[in-house]
Trainee: 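Below you'll find the structure I mean.
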Amino acid sequence: MSETPVSATSTIAPADEHERHSRHSHKPGDSEAPTPTTETTHDSNAPDLSFPFQSTNTEEGGLTDEYRVTSKTGFIPANTALKPVPSNHEEKPEALRDPEMAKELKDVKLVTFVPNDPEDPLNYANWYKWYITFVCAMSVVEVAFASSVVTGDFGDLQAFFHVGDVVIALSVTLMVCGFGIGPLFWSPLSEIYGRRPVWIIPAFIYIIFIIPCARAQNIQTLLICRFLCGFFASAPLTLAGGTISDVWDNEERGFAIALFAAAPYGGPVLGPLIGGFVGETVGWRWMFWVNMIFAGLMFAFQITLPETYAPVLLKKRAARLRKETGDKTIMTQQELFKVPFSQMLKDTLIRPFVMLFTEPILLLLSLYVALIYGLLYAFFFSYPVVFSGAYNWTPGIAGLTFISVWIGLAMALAAMPFLQRNYMKRAAAKGGKAEPEDRLVGMMVGSIWVPISMFIFGWTSPGAVLPGGGNWVGPCSSGIPFGFGMVTIYFSANAYIIDAFPGYVASALAAKTVVRSGSGAAMPLFITAMYHNLGNGWAASVWAFISLGMIPIPFLFYRFGKFIRSKSKRATSA
C-alpha cells in the first residue's frame, strides 16, 4: 500500500458518517430518498464483474464494494470497506492485519458514485443501455464471423495459392489462435486505461490488417495477417461481457448477457453462409472486403461507446478531487493497492494456467466448453463434405444449411427466461442466496442435445442415407439441437465459473477462453480428413460418443460441486 499523508485541512465530511447503499437502489429523481430495505436490481452476494482483479493487489487489500455502492458524500472509509477475497481460506486482508497500515487506512477515503450520479453507467436510460448491449453483441458477432468467412470459398483459395486442405485451414486456425492470445493482453490494459480505448484502438488496427488479407499474393501473407487480425479483433471478446455488466445491475442483465453468450457461437455461423455466396459470385478476395465493410461498420458504432468501467471513472474523479481539495487521502482501491504492470502481466499470463491444473471444476468445464466450440468449427468443414461433396451443392447453397444452427440458437435464447426463473426459485428456497451449482441446470438440460445432433448428422448423411429428394433435411436439421445445446451449455458453464471463483473471475475466464480457442483452432486442421477417412457416420459418431462422455460433468458437479469447492484454495464454499 502506498503511503498517503492525512490532510489536516480536508473539506470532506468524516468518512464514518457516510450512509452507504447499493448502486441503483434509488429511483431517478429521488436524490435524497432514504435507503430502501429491499433491492430489486442488485444481488449483493453476486461477484462484482467490474472489480479490477488483475490490477489490484488483493492479497494486501482484499476486495471492496467501492465500485458498486453509492454514498451520499461520494466516499467510504477504506478501513471498513475492505473485505477478504471470497475463498475457502479467506482471511482478513494484510493491510488490516498490520496495525500501522490499518491505522493509516482510517483516514483514506475511497471514492464512490453518489445516488443518481449522472456518471454512473447504471443510471443510463434503458434505451441507451440496450444500444450499448447491441453494439457489444454485434461486435462479437462480427469478429466471430470474420473467423469463418473464408470457409465459404476454400476451393478458390486453394487453387490460387496452390495449397492443400490443411494449409488453407490454417487461415481459420491462426485467427482463432489470436482470439485465445489477445484477451490475455487486452484484459489488463482495459483495467488500467478503461474499456473505451481498448474498444477503439485494437479495432482500428484489426481493420488495417484485413487489407493485406484481401490483397495477398502468397499464402504466407494471408496466414500471418489472419493471425494478427485475430489478435486485434479479440478485444470485443474480452470487453463485451464486462461492458454489459457495467451498465446492467446483476439482477437486470440476464437476457443481455444471454445475447453476449450466444454471439461468439452465432457469429461464426454467418461466415460460410455469406462467404459462400460472395466467393462464388464475385471472387474470394471479396470475402475479405465484406469482412472489412462489416468491421468498419461496427467500428463506427464502437467509437460511440462511452467509458463504462467504474474503477477508471472513479479513478479520474479521485484525481480531480485531489487536485481541487488538496486532500491526498482521496483515492480508489485500485490506486491504493496498485500492482506493477510487469507483475500484472505475469499474473495474467501464468495464473490462468495454474488454475487450470489445480482446479478440477475449471478444468473440466473448460474442456466441455472447448468441445462445444471445437464442434462448431468442425461443422464449417464437415458440412461442406456432405453438402458440397455428396450433394454437389454450390458453396452458397451449402452455406444456407447453417441457418439450422441459428434456429437452435434462437430456441436457446427463448429458453433463457425459463432457466433464469428456475434459478430465482432455487435462490428463494435457500433464503435468497443460491449456490453456484444451481447455475448448472441449463447445462444439464443442454448436454444431451449435442450428441443427439452428432448422431443425426452422421447417420442421415451419405452413405448411410443416399443423397436425393428431401434427404438433405436430415443432416441439415442436426444444427437445431446442436445450436440449442451449444448456447445453454456455454451460458450455464460461464455463470457457474463466475459464481464458483468470485475472487478470481478474471483468471478463471481467461483460462476458459484459452482452452476454448485452442479447441476451435485445432479442429479445422484434421476434421476434413477425419470425415473422408472414417466416413460421415463414424466420424460424427466419434464426437457424439465424446459428447456423451461429457454429459455426467454437470450432474456430478451439481451433486458434489460444493464438496469439491470446499477443497479448493481459490473457489468459494459459500
Side-chain angles (χ1 to χ4, degrees), residues 1-5 7 10-13 15 18 20 23-24 31 48-58 61 63-78 81-82 105 107-125 128-129 132 136 186-202 235 238-239 242-249 302-341 344 506:
M1 187 183 74
S2 59
E3 294 187 6
T4 51
S7 171
S10 174
T11 59
I12 307 302
H18 300 150
R20 181 168 50 151
R23 287 166 70 191
H24 224 214
S31 58
D48 180 11
L49 299 183
S50 290
F51 188 87
F53 290 98
Q54 296 165 300
S55 55
T56 302
N57 187 342
T58 54
L63 302 183
T64 178
D65 286 333
E66 175 189 5
Y67 308 114
R68 66 176 184 179
V69 300
T70 62
S71 60
K72 287 185 176 180
T73 55
F75 302 98
I76 55 176
L82 303 183
L105 284 173
D107 300 306
V108 175
K109 306 172 186 70
L110 298 182
V111 181
T112 71
F113 291 111
V114 298
N116 305 309
D117 197 319
E119 294 184 16
D120 185 351
L122 290 180
N123 291 329
Y124 291 163
Y128 193 43
K129 292 181 181 182
I132 292 172
C136 291
W186 306 132
S187 182
L189 286 173
S190 69
E191 288 194 5
I192 297 173
Y193 301 108
R195 304 207 195 274
R196 180 172 161 78
V198 184
W199 269 113
I200 295 173
I201 297 172
T238 308
L239 299 172
T243 302
I244 292 171
S245 297
D246 291 342
V247 300
W248 295 104
D249 210 348
Q302 288 162 4
I303 60 178
T304 69
L305 292 176
E307 180 56 66
T308 61
Y309 194 45
V312 168
L313 293 171
L314 292 175
K315 184 165 60 175
K316 291 178 180 177
R317 179 175 292 186
R320 186 177 71 245
L321 289 172
R322 286 195 298 269
K323 184 177 180 180
E324 291 174 355
T325 65
D327 187 349
K328 301 300 182 183
T329 65
I330 299 173
M331 56 182 59
T332 65
Q333 190 195 17
Q334 187 185 36
E335 295 174 298
L336 191 60
F337 301 103
K338 189 175 182 180
V339 176
F341 184 74
M344 178 171 49

Trainee: Consider side chain to side chain donor-acceptor pair (under 3.5 Å). Of Asp246, Thr308, Thr243, which one does Ser50 pass it with?
Mentor: Asp246
Trainee: Please test Asp327 against Lys109 for salt bridge (charged side-chain N to carboxylate O under 4.0 Å, His left out), starting from the C-alpha separation and ending with a verdict.
Mentor: CA-CA 10 Å; Asp327 187 349; Lys109 306 172 186 70; 3.3 Å; yes
Trainee: May I ask you to check whether Trp199 and Ser190 show a side-chain donor-acceptor distance below 3.5 Å?
Mentor: no
Trainee: Is Glu335 paired with Arg322 through a side-chain N to carboxylate O contact shorter than 4.0 Å?
Mentor: yes
Trainee: Would you check if the side chain of Arg196 reaches a backbone N or O of Ile303 as a donor-acceptor pair within less than 3.5 Å?
Mentor: yes
Trainee: Between the side chains of Gln54 and Ser187, is a donor N or O closer than 3.5 angstrom to an acceptor N or O?
Mentor: yes
Trainee: Please name the pair of heavy atoms, one in Gln333 and one in Leu82, separated by the smallest distance, quoted to 0.1 Å.
Mentor: NE2-CD2, 3.6 Å
Trainee: Is Phe113 close to Val69 at the side-chain level, that is, under 4.5 Å between some pair of heavy atoms?
Mentor: no
Trainee: Ignoring hydrogens, what is the shortest heavy-atom contact between Leu122 and Trp248? Give both atom names and the distance.
Mentor: CD2-C, 3.6 Å
Trainee: Please report the shortest heavy-atom distance between Leu110 and Thr332, naming the atom on each side.
Mentor: CD2-C, 3.8 Å
Trainee: Contact between Ile330 and Thr325 at the side-chain level, heavy atoms closer than 4.5 Å - yes or no?
Mentor: yes
Trainee: Looking at Arg68 and Asp120, is any side-chain nitrogen of the basic one under 4.0 Å from a carboxylate oxygen of the acidic one?
Mentor: no
Trainee: Just so I know, are the side chains of Phe51 and Thr64 near enough to count as touching, which here means a heavy-atom distance under 4.5 Å?
Mentor: yes
